Amino acid sequence: GDQEAGEMGLAAVPGRQAAFRQDLATAVQYAKAVGCPRIHLLAGRVPLGADRAAVAGEMETTFTENLRYAADLLAQEDMVGLVEPINSRITDPRYYLNTPHQAAAILEKVGRPNLKLQLDLFHCQIMDGNLSRNLETYFPLIGHIQIAQVPGRHEPDSPGELNFPYIFKLLESLGYTGYVGCEYAPKGETLEGLGWLHSYWESRGLQHGGTSKAAD
């Protein structure tokens, strides 16, 4: 969308379907060029001046139609589309898709196997908490995980509400084998900020890089 005009994705924005399809085609070309099999389909914001409840039905209809179109297009490229709830309490008060429950209901309605949930635990904690149950409940829908400590949105070992060693072990026990995206703002240098990962590997008896010491 037009970020200078305040747009944050278009998939659920009524009247912007043509622009969504054009942008999706461009995104597919970028994804193919870099070998990325997943594309985040941003829902977009409730229009300025509109009441969220008043436009919710029209936005859901638009979102559903656009997601079906995207899923069919992405299937031709063997790609997966992702939808991400973004919290409306702190990060973006006007973002349309803001809870995993809402996202799961829409994905069920759309009914396409190559559309998945991009679950950012930062947003999920702010909107709902109950992370263990939510991870277990929505695990079959999850296509990507993102992390950041709450409330500062910094490294997982920074002060905050979330116990990431527990969360990582839970993901492993559930059988998650995908990437975990570091969707946080480092407090300092990027490499220094990855010290938490080295510490986590060591706590699990792994070397830097995630390889087993026993295997070596």
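Everything quoted here is computed from the prediction, not taken from an experiment.
- No hydrogens or angles considered: nothing links the side chains of S158 and Y184 as a donor-acceptor pair under 3.5 Å.
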Exercise for the section: I would like to know whether L135 and T137 meet side-chain contact (heavy atoms from CB on, under 4.5 Å); could you show each step before the answer? Expected result: CA-CA 6 Å; L135 282 168; T137 299; over 6 Å; no
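- In plain terms, the two heavy atoms of A43 and L97 that are nearest each other are CB-CB, 4.0 Å.
- The minimum heavy-atom distance linking L170 with S173 is given by the pair O-OG, 2.7 Å.
- To the nearest 0.5 Å, atom OH of residue Y179 and atom CD1 of residue I145 are 15.0 Å apart.
- Listed for the N98 side chain is no donor-acceptor partner under 3.5 Å among the backbone atoms of I86.
- Here the straight-line distance linking atom CG of L115 with atom CD1 of I106 works out to 11.5 Å at 0.5 Å rounding.
- Contact annotation: the side chain of W196 approaches that of L194 to within less than 4.5 Å [non-hydrogen atoms, C-beta and beyond].
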Would you list the atom pairs, donor with acceptor, under 3.5 Å between side chains in residues 18-37 and any protein atom, with sequence neighbours excluded?
unit_1, atom_1, unit_2, atom_2, d
D23, OD2, G1, N, 3.3
T26, OG1, Q22, O, 3.2

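- Cluster membership for I142 and L107, using ILVMFWY side-chain heavy atoms within less than 4.5 angstrom, is shared.
- Using a 4.5 Å heavy-atom cutoff, the side chains of L74 and R112 are not in contact.
- Heavy-atom neighbours of Q17 CD from other residues, nucleotides or ligands within 6.0 Å: above the threshold of 12.
- For the pair E84 (side chain) and H40 (backbone), a donor-acceptor distance under 3.5 Å is absent.
- Residues Y96 and E60 have side chains in contact (heavy-atom distance under 4.5 Å, counting atoms from C-beta outward).
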Can I get a per-line list of side-chain donor-acceptor pairs under 3.5 Å for residues 119-131, giving both atom names and the distance, sequence neighbours left out?
unit_1, atom_1, unit_2, atom_2, d
D120, OD1, F122, N, 2.9
H123, ND1, N87, N, 3.2
H123, ND1, N87, ND2, 2.8
H123, NE2, R153, NH2, 3.4
Q125, NE2, E161, OE1, 2.8
D128, OD1, H101, NE2, 3.3
D128, OD2, H101, NE2, 3.4
D128, OD2, N134, ND2, 2.7

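- With rounding to the nearest 0.5 Å, the separation of CG in N66 from CZ in F63 is 8.5 Å.
- Two residues are said to be in side-chain contact when any heavy atoms from C-beta on lie closer than 4.5 Å; P85 and L117 meet this criterion.
- Partners of V13 according to the side chain to side chain contact (heavy atoms under 4.5 Å, CB included) rule, which considers only residues two or more places apart in sequence or in another chain, are R16.
- Here the closest non-hydrogen pair linking N114 and A75 is ND2-N, 3.4 Å.
- Between V46 and M59, the closest side-chain pair of non-hydrogen atoms falls below 4.5 Å.
- In this structure, the side chains of E136 and L174 come closer than 4.5 Å at one or more pairs of heavy atoms.
- Put simply, CG on L141 and CG on L82 are 11.5 Å apart, with the number rounded to the nearest 0.5 Å.
- When side chains are defined from C-beta on, H144 counts as touching Y176, because their heavy atoms get closer than 4.5 Å.
- In this structure the side chain of R45 never reaches within 4.5 angstrom of the side chain of E7, judged on heavy atoms.
- Atom OH of Y200 is separated from atom CG of L206 by 8.0 Å, given to the nearest 0.5 angstrom.
- The closest donor-acceptor contact from the side chain of R38 to the backbone of G143 lies under 3.5 Å.
- When all heavy atoms of P156 and F164 are compared, the closest pair comes out as CB-CD1, 3.4 Å.
- Across Q149 and E155, no two heavy atoms sit closer than the pair CB-O, 3.3 Å.
- Summarising the geometry of A12 relative to P14, their closest heavy-atom pair is O-CD, 3.2 Å, with the distance given to 0.1 Å.
- Atom OG of S88 and atom CZ of R52 lie 5.0 Å apart (nearest 0.5 Å).
- Look at E172 and R204 and you find a salt bridge, because one of the NZ, NE, NH1 or NH2 atoms lies within 4.0 Å of a carboxylate O, short of that distance.
- The hydrophobic clustering, which links ILVMFWY residues whose side-chain heavy atoms are closer than 4.5 Å, places V180 and L162 together.
- Counting non-hydrogen atoms of neighbouring residues, nucleotides and ligands closer than 6.0 angstrom, the CG atom of D2 exceeds 12 such neighbours.
- Residues V83 and M79 share a single hydrophobic cluster, defined by chaining ILVMFWY side chains whose heavy atoms lie under 4.5 Å apart.
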